[in-house]
2 protein chains.
Amino acid sequence: MAQRAASKRPLVTAPPAFPKPGHNHARCAADALAKAEAVCTARGTRLTDIRRQVLATVWQSHVPVGAYEILAQLNSGGGTPRSHKSRALTARGGRHAPMAVYRALEFLMGNGLVHRLASLNAYIGCAHRGEDPHAAQFLICRRCGITAELKSAALNRALNQAVTERGFTIDSQLVEIGGICPHCRPKP
Amino acid sequence: MAQRAASKRPLVTAPPAFPKPGHNHARCAADALAKAEAVCTARGTRLTDIRRQVLATVWQSHVPVGAYEILAQLNSGGGTPRSHKSRALTARGGRHAPMAVYRALEFLMGNGLVHRLASLNAYIGCAHRGEDPHAAQFLICRRCGITAELKSAALNRALNQAVTERGFTIDSQLVEIGGICPHCRPKP
DNA sequence: TGGTATAATGTTATATTATAACATATTCAA
DNA sequence: TTGAATATGTTATAATATAACATTATACCA
Ligand SMILES: [Zn+2]
Ligand SMILES: [Zn+2]
Ligand SMILES: [Zn+2]
Ligand SMILES: [Zn+2]
């Protein structure tokens with residue numbers, strides 16, 4: 001494994017670029033949805049309407065979304081109304097209750113399609129679609145809100161080592177880094 | 001800086017032990033409280049009654065405590081009742097309102113005496129008392145709940161590098177590792 | 001096909017965590 | 001002492017998340 005190629009920086013692989021402001025995001029979203037379909041088919045789980053809608057909402061951008069924001073979009077948005085008989089709507093004026101969103105998110109997280117950001121109480125589409133649920137690290141731009149998933153082997157190595165040194169056995173990790181992304185940083 | 005001394009592991013310094021079940025915790029707490037007094041004096045801030053009580057509650061053990069749990073202890077506990085005139089108590093049956101606790105926690109965090117654990121919505125006394133507010137990493141035992149603050153230079157280095165490689169500028173970090181602590185792990 | 005178990009969603013209610021906003025009290029120092 | 005700054009009291013509510021049970025859809029098998 002060629003771990004350090006040039007002189008200055010140990011390039012493990014080309015670090016994936018931080019999502020650019022102007023990129024073709026429709027494609028990000030479409031790809032993610034397509035991948036999700038495939039993953040669910042492969043796993044024998046069902047990507048139902050609500051789940052798909054929630055996933056689509058989460059993929060509207062690279063900015064994490066709160067559960068109630070997703071709910072609001074589900075309820076205001078163009079989707080087809082569901083309950084045809086009870087139009088009580090629980091006096092919330094919407095089609096769905098919070099549970100619907102939380103359940104969909106639970107499903108999506110369980111299938112490795114969405115991550116939760118504990119520092120924001122918000123959710124984001126998984127950038128490594130199609131993989132099993134996995135631990136991830138995040139870079140969160142405090143200016144534009146765009147959040148990128150980081151999967152650094154070196155970081156994982158360092159983390160494992162630091163932890164193991166103390167006799168600890170990892171089974172979950174939460175790494176969320178706040179700061180300024182390359183596109184928001186004033187150029188020199 | 002002798003960074004790698006022996007052969008196998010790059011021991012930076014002796015890794016601090018994970019808090020043992022039987023240790024003299026009264027001393028942990030007493031030390032923490034004393035240090036807090038000193039820190040506040042030095043900084044010209046005031047460690048008032050409530051703040052001290054909250055800090056003491058947080059230091060009852062090495063297990064993070066929720067804000068409302070702190071509140072409950074404040075209100076049930078042996079402390080002196082406060083408001084002598086309005087005994088309305090907002091129908092909560094207690095002496096203090098949630099705000100009191102949150103404000104104390106805010107103060108304590110601002111002075112580097114307490115950390116918040118985002119993955120638990122809970123608070124823990126800072127193990128590096130007397131230092132300025134700092135980023136920290138945590139090891140959280142999912143069995144006994146004991147949580148230890150980790151301050152690994154190597155980890156920080158790896159983290160900085162991984163992040164910098166992507167053109168990102170850190171200004172806050174959140175690292176919370178869940179797992180089994182050395183004292184809860186079945187011995188071989 | 002019909003029946004039945006499983007999975008998904010609907011529905012209502014409530015728990016948990018945290019903050020807003022304004023009133024009062026305390027402290028410190030000019 | 002008096003006034004500004006700090007701290008606390010008080011009330012209300014926001015924001016996030018889950019519990020519990022009813023109903024509906026789906027899959028699968030006899
Ligand atoms: Zn995109
Ligand atoms: Zn940005
Ligand atoms: Zn202790
Ligand atoms: Zn433990």
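Each chain gets a letter, A, B and so on, in the order the sequences are listed, and its residues count up from 1.
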If you pin A/Arg46 and B/Ala67 to their nearest nucleotides in DNA chain C, which one's is more 5'? A/Arg46
Please report, rounded to the nearest Å, how far the C1' atom of D/dA12 is from the OH atom of B/Tyr102. 15 Å
Is it true that the NZ or CZ of A/Arg51 lies under 6.0 Å from the centre of A/Phe107's six-membered ring and within 45 degrees of the ring axis? yes
Whole-Å distance, A/Tyr68 OH to D/dA15 P, equals 11 Å
A/Asp49 CG - C/dG10 C1' separation (whole Å): 15 Å
Can you tell me if B/Glu106 has over 12 outside heavy atoms packed within less than 6.0 Å of its CD? no
Give the rounded distance in Å between these two atoms: NE2 of A/His96 and C1' of C/dT12. 17 Å
Just how far, in rounded Å, is C1' of D/dA15 from CG of A/Leu117? 17 Å
Under 4.0 angstrom between A/Arg95 side-chain N/O and C/dT9 OP1 or OP2: no
Is the phosphate of C/dA18, meaning OP1 or OP2, less than 4.0 Å from a side-chain N or O of B/Tyr123? yes
Nearest-angstrom distance from the residue atom CZ of B/Phe107 to P of D/dA7: 7 Å
Whether over 12 other heavy atoms sit under 6.0 Å from B/Arg143 CZ: no
The residue, B/Arg103 or A/Thr48, whose nearest nucleotide of DNA chain C is more 5′ is A/Thr48
Using atom CG of B/Leu47 as one end and atom C1' of D/dA7 as the other, report the distance to the nearest whole Å. 13 Å
Write down the distance between CG (B/Asn121) and C1' (D/dT18), rounded to a whole number of angstrom. 13 Å
OP1 or OP2 of D/dA7 under 4.0 Å from side-chain N/O of B/Arg51: yes
Following the transitive rule for hydrophobic clusters with a side-chain heavy-atom cut-off under 4.5 Å over Ile, Leu, Val, Met, Phe, Trp and Tyr, establish whether A/Leu74 and A/Leu108 coincide in one cluster. yes
